[in-house]
Participant: 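Okay, handing you the structure first.
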Amino acid sequence: MEAVGLSPVLAVSAVLFALGVVGVLTRKNALIVFMSVELMLNAVNLAFVGFSRENGTVDGHVFAVFVMAVAAAEAAVGLALVILLFRNRVTVVLDDLDRMSG
Amino acid sequence: MSPVTDWMLLSAPLLLLAAMGVVLMVLSAVMRPMPRTLFWGLACGTVALSLGLVARSAGEPASDAFAGMLRVDAYGHFFACAVLLGGLFALLISDGYMDRIGVRVGEFYSLVLFALCGMLGMVYSSDLMMTFIALEVMSIAVYTLCAIKRADERAVESAFKYFILGAFSSGILLYGVAMVYGATGTTSLTGIAHFLAASHGDVPRLLLLGGALLLVGFGFKVASVPFHMWAPDVYQGAPTAVTALMATGVKAASFAAFGRVVIGTFSEDASHWAGGLWWMAALTMLVGNVGALVQDDLKRMFAYSSIAHAGYLLMALSSVTTAGDTHPALGSLAFYMLAYTLMNAGAFAVLSQMTDEHGADATHIDRLSGLGKKHPMVALGLSICLISLAGLPPTMGFVGKFYLFSAAVGAGQLGLAVVGAVGAAAGVYYYLRPMIYMYMRDGEPELASDGRARVALAITTALLLAFGLMPGSVLEWADASVRSVLG
């Protein structure tokens with residue numbers, strides 16, 4: 001099997017990242033927005049691993065593990081906040097979050 | 001000294017906060033109801049102890065810890081002091097406040113310690129990956145703190161907004177780190193600086209992209225325009241004691257990390273950066289000050305004020321970056337950050353006492369009416385903080401603004417200084433408006449009598465006046481600290 005070069009890896013990473021950004025900016029459901037953020041982090045992981053292989057250093061692989069750990073912690077807090085939001089407001093639609101303005 | 005004890009000594013303040021955070025978390029699970037005074041005392045003691053440790057090591061030469069992940073130097077020490085002072089004042093005002101709003105949980109203190117631990121990691125970090133992890137340690141704790149009053153709709157809404165935009169900006173920042181890593185093969189700040197110095201202006205496009213993404217990511221964190229929209233809602237909705245922590249510690253730590261990256265590393269290649277920073281600073285000063293003009297809720301007003309002050313600090317960053325070593329007042333950034341921490345801590349000590357009988361925040365400006373007659377000392381303290389925020393003498397805020405603007409002019413940033421001066425003039429209006437309510441209107445202001453919050457107010461106002469009249473030693477220290485990053 002032929003090894004994949006850096007460019008395709010980066011291209012996939014960039015597409016994933018762009019999908020994540022577009023998702024955060026356009027979707028209305030809190031859970032989908034949260035999912036899009038996770039997609040961005042996974043795009044970062046892919047880029048780290050790709051660069052790491054290209055550079056011949058192991059750093060990028062280690063960073064990817066760090067990012068996963070942080071993403072897990074973020075998910076724990078984020079999902080708890082979504083539940084809290086639903087308990088208080090019985091909605092997870094971001095447009096309804098308008099108790100403060102000015 | 002063996003390497004192990006070496007790094008433990010260097011990072012003792014950080015490890016202490018993390019360890020006590022864990023202890024308090026475990027204690028809060030077994031001791032219910034929470035013995036308030038014990039938890040509060042332990043948390044305050046820990047922060048005070050780590051502040052002492054930082055101050056004690058302030059004179060020592062810079063060294064690396066954790067395999068080059070942390071750089072323990074004068075710059076880090078200065079901002080660590082600012083961060084820990086902010087944390088200490090936030091703790092002082094939180095004890096009575098949390099009781100009034102009906103949140104009596106030990107996790108609060110544990111989370112504050114975790115957040116402070118993350119902030120110290122940020123100010124000492126000398127590696128982009130370390131900056132990211134410390135940033136997340138801080139942010140995740142603060143997201144949770146915002147929602148600590150679980151039945152409060154507005155608090156939960158603010159926590160969620162903070163979380164989504166915080167996570168989004170972390171993702172952008174991290175993608176920037178990945179691009180920088182790809183272009184240079186390292187995430188160490190000194191490594192990147194060497195790479196930039198060797199490239200002689202011929203910077204790879206991947207690195208420029210990475211730098212731009214870092215700028216956006218940090219821009220979100222310090223609430224600079226156009227990435228500021230989260231700040232007003234989050235500041236207003238979060239419990240006042242948590243807002244105080246955000247306006248002091250979080251702000252100082254984010255700027256410390258931002259400053260180290262911009263001054264220490266990317267000033268090697270200022271030409272690609274200066275333009276972006278310039279526009280960010282100018283827009284942030286304008287939008288923050290104009291936005292604050294029309295606010296009637298004090299917490300929301302302080303959110304816009306925090307945006308405006310982010311603009312002033314960005315102006316300092318921009319002028320240090322362009323002028324480098326020849327800069328006339330290198331320390332203006334660090335000095336102003338410390339001043340900002342103190343004046344906000346004092347102002348929030350008063351805001352935290354503005355709760356109604358249901359335990360909800362009541363921070364509408366009307367509720368200040370008549371405060372000057374009923375509580376003259378509190379009114380005087382708040383007035384000193386507001387005068388300092390407005391940048392009028394004889395306070396630390398005046399000295400800070402003076403150095404900031406003279407530094408900007410000295411570095412050739414005349415346009416930026418003019419924009420800032422226009423903004424600061426608007427600032428005088430909205431900072432003095434609460435004073436008109438306090439002294440020139442009649443009313444029956446209801447203020448919780450919170451002894452510890454008043455102690456915090458007394459200390460901050462005393463420091464603001466003392467450093468306003470005798471800024472010499474602090475200014476020298478601030479100067480030396482920023483110089484230590486320039487290398």
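Values below: all heavy atoms of this structure, side chains included; hydrogens, waters and symmetry mates excluded. Below, chains carry the letters A, B, ... as their sequence lines are ordered, and counting in each starts from 1.
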Participant: Give, as side chain, backbone, both or neither, the part of A:A75 having an atom under 4.5 angstrom from any heavy atom of chain B.
Facilitator: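 Contact with chain B involves no heavy atom of A:A75 at all.
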
Participant: Just by distance, no angles: are the side chains of A:T57 and B:Y181 close enough, under 3.5 Å, to form a donor-acceptor pair?
Facilitator: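 A:T57 vs B:Y181: donor-acceptor pair found between side chains.
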
Participant: In a check of side chain to side chain contact (heavy atoms under 4.5 Å, CB included) between B:L128 and each of B:V261, B:L174, B:I133, B:T186, which one passes?
Facilitator: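 Looking at B:V261, B:L174, B:I133, B:T186, the match for B:L128 under the side chain to side chain contact (heavy atoms under 4.5 Å, CB included) is B:V261.
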
Participant: Taking every heavy-atom pair that is under 4.5 Å apart, which of A:V77, A:L41, A:V70 has the most such pairs with chain B?
Facilitator: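 Greatest number of close heavy-atom pairs with chain B: A:V70.
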
Participant: Counting only non-hydrogen atoms closer than 4.5 Å, does B:E153 touch chain A with its backbone (N, CA, C, O), its side chain (CB onward), both, or neither?
Facilitator: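 Both parts, backbone and side chain.
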
Participant: Sort A:D59 into side chain, backbone, both or neither according to what part of it lies under 4.5 angstrom from a heavy atom of chain B.
Facilitator: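 Both parts, heavy atoms under 4.5 Å.
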
Participant: Is A:A69 in contact with chain B via its backbone, its side chain, both, or neither, using a 4.5 Å heavy-atom distance?
Facilitator: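 When you check distances to chain B, no heavy atom of A:A69 falls under 4.5 Å.
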
Participant: By a 4.5 Å heavy-atom criterion (distance strictly below it), what part of A:L6 contacts chain B: side chain, backbone, both, or neither?
Facilitator: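 The answer is neither part of A:L6.
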
Participant: Between A:V21 and chain B, with a heavy-atom cut-off of 4.5 Å, which part of the residue counts as in contact: side chain, backbone, both or neither?
Facilitator: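 It is both, since atoms from each part get that close.
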
Participant: Give, as side chain, backbone, both or neither, the part of A:S52 having an atom under 4.5 angstrom from any heavy atom of chain B.
Facilitator: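 For A:S52, heavy atoms of backbone and side chain both lie under 4.5 Å from chain B.
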
Participant: What part of A:I83 lies closer than 4.5 angstrom to a heavy atom of chain B: side chain, backbone, both or neither?
Facilitator: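 For A:I83, no heavy atom lies under 4.5 Å from chain B.
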
Participant: At a 4.5 Å cut-off on heavy atoms, which part of B:L206 comes close to chain A: side chain, backbone, both, or neither?
Facilitator: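 Side chain only.
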
Participant: Give, as side chain, backbone, both or neither, the part of B:L165 having an atom under 4.5 angstrom from any heavy atom of chain A.
Facilitator: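 For B:L165, there is no contact with chain A at all, as no heavy atom is under 4.5 Å.
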
Participant: Does any backbone or side-chain atom of A:E74 lie under 4.5 Å from a heavy atom of chain B? Answer side chain, backbone, both or neither.
Facilitator: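 Both parts, heavy atoms under 4.5 Å.
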
Participant: Ignoring hydrogens and angles, state whether a donor on the side chain of B:D127 or B:S188 is under 3.5 Å from an acceptor on the partner side chain.
Facilitator: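 There is no such pair between these side chains.
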
Participant: Can you tell which part of A:F17 gets under 4.5 Å to a heavy atom of chain B, answering side chain, backbone, both or neither?
Facilitator: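 Looking at A:F17, just its side chain touches chain B.
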
Participant: So what's closer than 4.5 Å to chain B heavy atoms on A:F34: side chain, backbone, both or neither?
Facilitator: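 Contact with chain B is through both the backbone and side chain of A:F34.
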
Participant: Below 4.5 Å from any heavy atom of chain A, which atoms of B:T187 appear? Answer side chain, backbone, both or neither.
Facilitator: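 Only the side chain of B:T187 comes within 4.5 Å of chain A.
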
Participant: Could you tell me which of B:A167, B:G182, B:G171 has the largest number of non-hydrogen atom pairs under 4.5 Å with chain A?
Facilitator: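 Looking at each option in turn, the highest pair count goes to B:G182.
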
